[in-house]
Amino acid sequence: MHNSYKQISGHTSIRPGTKILFANFPGDGHFNPLTGLAVHLKNLGCDVRWYTSPVYKEKISKLGIPFYGFKKALDIAACDDINELFRERKLHKSQISKLKFDLIHAFILRSPEYYEDLKDIYNEFSFELMVADITFGGIPFVREKMNIPVIAAGIVPLPENSRDLAPVGLGITPSYTTAGKLRQAMLRFVANKILFAKPTKVMTKMLKSYGIKPEGANIFDTLVKKSTVVLQSGTPSFEYKRSDMSAHVHFAGPLLPYSAEKKEPKWFDEKLKLYSKVVLVTQGTVEKDEEKLLIPSLEAFKDSDTLLIVTTGGARTKELRARYPQRNIIIEDFIAFNDVMPHTDVYISNGGYGGVLLAIQNGLPMVVAGVNEGKNEINARIGYFELGINLGTEKPSASQIRQGVEEVFSNKQYQKNVAKLREEFKQYDPADLCAKQVARLTGKATDKKSTAVNLEALVY
């Protein structure tokens, strides 16, 4: 097992009433993985509260956790279309150009706004520790300006750059040959000095304006290095081998959403008894364009001997049912993955990290097609570790999907690799590992400081 598992010493004896604030960038993939940790700490007697977009207020309230909404921070989640919120985003056509724009406007420039909200929250709730997703821009401010420890939950593949790898963000799998290492070094130079130079410059200027010293070669390193501890979702065998991983990064096993005991029966459909091959397809709740993955999958398997189960996330379900009435197709808004995955043989997705981890936990090999929003990094790992087929595109054809699934069915090595990783997952207890870190870190003094700055001026 490479990237050896670092056992966290100590025990989970946390002082009752320990004040912990959870926080996340407003996105389902940033919020959901933290819920299991929050409920566990609450059940241990911690005073747990949550700061994020009001979009998540109802879900947080159902967990019995007090909620603080964005006040000074721009609420990106309140807008259905980010292109309407940032009109100039439409001018950026390439994947890299869009990514750079999003890094600046959705992430970096929101960071001081989070800080202003967090200071106000502290005046009411003097939290002793913050647990945040790794992309939450308030991390450096809480750690260095408020002098409060931060546990960052790595809800994406480890974003820290390494001398052993190609630069983060390009979805390039590693090479450990001499020629490969030279190429990767060249790519890191290009990424740092050209591709991601502007976001890094904006981040550096912004942090320095608050008296915070930047760390790392570029933006992807900063939040990792500024965290007190990183609990990385996943396990060593689902991460590239690197010799220079920071000592404060700990694999935690799969960080999955909290799941309460259901009173109603689990989902089941009688059609499951009629088919020997069952395929599940989803493109998550964020992607609304059914032409990207759902329709090509439906075209690939309609009128076949494979049962195709489609979850739409509530997007155009009725229309798709009318268009695809075939008896071997089930189309639903939503099915709990823990209900349907035990009946499934292959999982097709655009590579959302939570769904991928659930698929591995359920022993499912995958066919993935997604490039944007960092999915290229997730899907590259699926292909590299031979857990399935990475189609390497945002818009696969029906034939690509069908051939990918057929390859997974015919080559049992994918199933074996997933089964092996599934066993590694079982060795980790994410909630307990988090509790041990909380017990170790709480009790430090806080120091509230404030500096005002013109955010938009940082871009230019």
Between [atom1] of [X] and [atom2] of [Y], what distance do you get to the nearest 0.5 Å?
{"X": "S175", "Y": "Q184", "atom1": "OG", "atom2": "CD", "value": "5.5 Å"}
{"X": "T35", "Y": "Y258", "atom1": "OG1", "atom2": "OH", "value": "9.5 Å"}
{"X": "I331", "Y": "L320", "atom1": "CD1", "atom2": "CG", "value": "5.0 Å"}
{"X": "K271", "Y": "L307", "atom1": "NZ", "atom2": "CG", "value": "7.0 Å"}
{"X": "F67", "Y": "K59", "atom1": "CZ", "atom2": "NZ", "value": "12.5 Å"}
{"X": "E215", "Y": "T204", "atom1": "CD", "atom2": "OG1", "value": "11.5 Å"}

Report yes if the side chains of [X] and [Y] come closer than 4.5 Å at any heavy-atom pair, otherwise no.
{"X": "L41", "Y": "C434", "result": "yes"}
{"X": "F301", "Y": "I329", "result": "no"}
{"X": "E160", "Y": "D244", "result": "no"}
{"X": "V279", "Y": "I309", "result": "no"}
{"X": "T52", "Y": "F22", "result": "no"}
{"X": "F337", "Y": "L280", "result": "yes"}
{"X": "I20", "Y": "I151", "result": "no"}
{"X": "K241", "Y": "P174", "result": "no"}

Looking at [X] and [Y], would you say the former's side chain and the latter's main chain have a donor-acceptor pair under 3.5 Å?
{"X": "Y347", "Y": "V368", "result": "no"}
{"X": "D117", "Y": "K72", "result": "yes"}
{"X": "N161", "Y": "V168", "result": "yes"}
{"X": "S246", "Y": "H248", "result": "no"}
{"X": "R49", "Y": "P66", "result": "no"}
{"X": "S304", "Y": "T306", "result": "yes"}
{"X": "E113", "Y": "L74", "result": "yes"}
{"X": "D339", "Y": "W267", "result": "yes"}
{"X": "E394", "Y": "K292", "result": "no"}
{"X": "E332", "Y": "T311", "result": "no"}

Ignoring hydrogens and angles, state whether a donor on the side chain of [X] or [Y] is under 3.5 Å from an acceptor on the partner side chain.
{"X": "D133", "Y": "H30", "result": "yes"}
{"X": "S243", "Y": "R163", "result": "yes"}
{"X": "T312", "Y": "T317", "result": "yes"}
{"X": "S399", "Y": "S397", "result": "yes"}

Check: Parallel under 30°, tilted from 30 to 60°, perpendicular over 60°: which one fits the rings of H105 and F86?
Finding: tilted
Next item on the list: Anything under 30° is parallel, anything over 60° is perpendicular, the rest tilted; go ahead and classify F136 against Y51.
Entry: perpendicular
Look at [X] together with [Y] and state whether they make a salt bridge at an N to O cut-off of under 4.0 Å.
{"X": "R316", "Y": "E290", "value": "yes"}
{"X": "E291", "Y": "K395", "value": "no"}
{"X": "D164", "Y": "K181", "value": "no"}
{"X": "E319", "Y": "R323", "value": "no"}
{"X": "K420", "Y": "E423", "value": "no"}

Notebook entry, point to check: Between Y114 and F70, does a ring-ring contact (aromatic ring centres under 6.0 Å, His included) hold up when you go through it step by step?
Noted result: CA-CA 8 Å; Y114 297 147; F70 290 165; 5.5 Å; yes
Notebook entry, point to check: Checking side chain to side chain contact (heavy atoms under 4.5 Å, CB included) for the pair Y414/L387: CA distance, chi angles, key distance, verdict?
Noted result: CA-CA 5 Å; Y414 298 109; L387 306 171; over 6 Å; no
Note to self: Between N338 and K266, is the side chain to side chain contact (heavy atoms under 4.5 Å, CB included) condition met? List the steps.
What the structure shows: CA-CA 9 Å; N338 285 331; K266 289 187 176 182; over 6 Å; no
Next item on the list: Check whether more than 12 heavy atoms from other residues, nucleotides or ligands sit under 6.0 Å from atom CD of E58, and answer yes or no.
Entry: no
Write down the atom of [X], the atom of [Y], and the distance for their closest heavy-atom approach.
{"X": "P430", "Y": "P254", "result": "CG-O, 3.4 Å"}
{"X": "L34", "Y": "A23", "result": "CD2-O, 3.7 Å"}
{"X": "G169", "Y": "L99", "result": "O-CD2, 4.5 Å"}
{"X": "V281", "Y": "S297", "result": "CG2-OG, 3.6 Å"}
{"X": "M366", "Y": "A359", "result": "SD-CB, 4.0 Å"}
{"X": "P140", "Y": "L207", "result": "CB-CD2, 4.0 Å"}

Margin query: Could you check whether R381 makes a cation-pi contact with Y240, meaning its NZ or CZ is under 6.0 Å from the centre of the six-membered ring and within 45° of the ring axis?
Written below: yes
Note to self: Taking the cut-offs as 6.0 angstrom to the six-membered ring centre and 45 degrees off its axis, would you call K100 and F196 a cation-pi pair?
What the structure shows: no
Notebook entry, point to check: Is the distance between the ring centroids of H343 and F268 under 6.0 Å?
Noted result: yes
Check: Looking at F107 versus F25, is the centre-to-centre ring distance below 6.0 Å?
Finding: yes
Notebook entry, point to check: Could you walk me through whether S237 and F385 pass the side chain to side chain contact (heavy atoms under 4.5 Å, CB included) check?
Noted result: CA-CA 8 Å; S237 295; F385 293 112; over 6 Å; no
Next item on the list: Any chance you could lay out the ring-ring contact (aromatic ring centres under 6.0 Å, His included) test for W50 and F31, step after step, and finish with the verdict?
Entry: CA-CA 10 Å; W50 206 308; F31 168 76; 4.9 Å; yes
Next item on the list: Evaluate the criterion side-chain hydrogen bond (donor to acceptor under 3.5 Å, both in side chains) for residue pair D28 and Y56; output intermediate values, then yes/no.
Entry: CA-CA 9 Å; D28 288 359; Y56 298 98; 2.8 Å; yes
Note to self: Quick check on side chain to side chain contact (heavy atoms under 4.5 Å, CB included): which of V131, V150, L118, L129 does L21 satisfy it with?
What the structure shows: L118
Note to self: Under the criterion salt bridge (Lys or Arg N to Asp or Glu O under 4.0 Å), I'd like the reasoning laid out for R327 against D303: C-alpha separation, chi angles, the key distance, then a yes or no.
What the structure shows: CA-CA 8 Å; R327 67 189 304 272; D303 296 316; over 6 Å; no
Note to self: Please determine whether side chain to side chain contact (heavy atoms under 4.5 Å, CB included) holds for the pair V156 and E377, giving the CA-CA distance in whole Å, both sets of side-chain angles, and the decisive distance to 0.1 Å.
What the structure shows: CA-CA 9 Å; V156 294; E377 289 288 349; over 6 Å; no
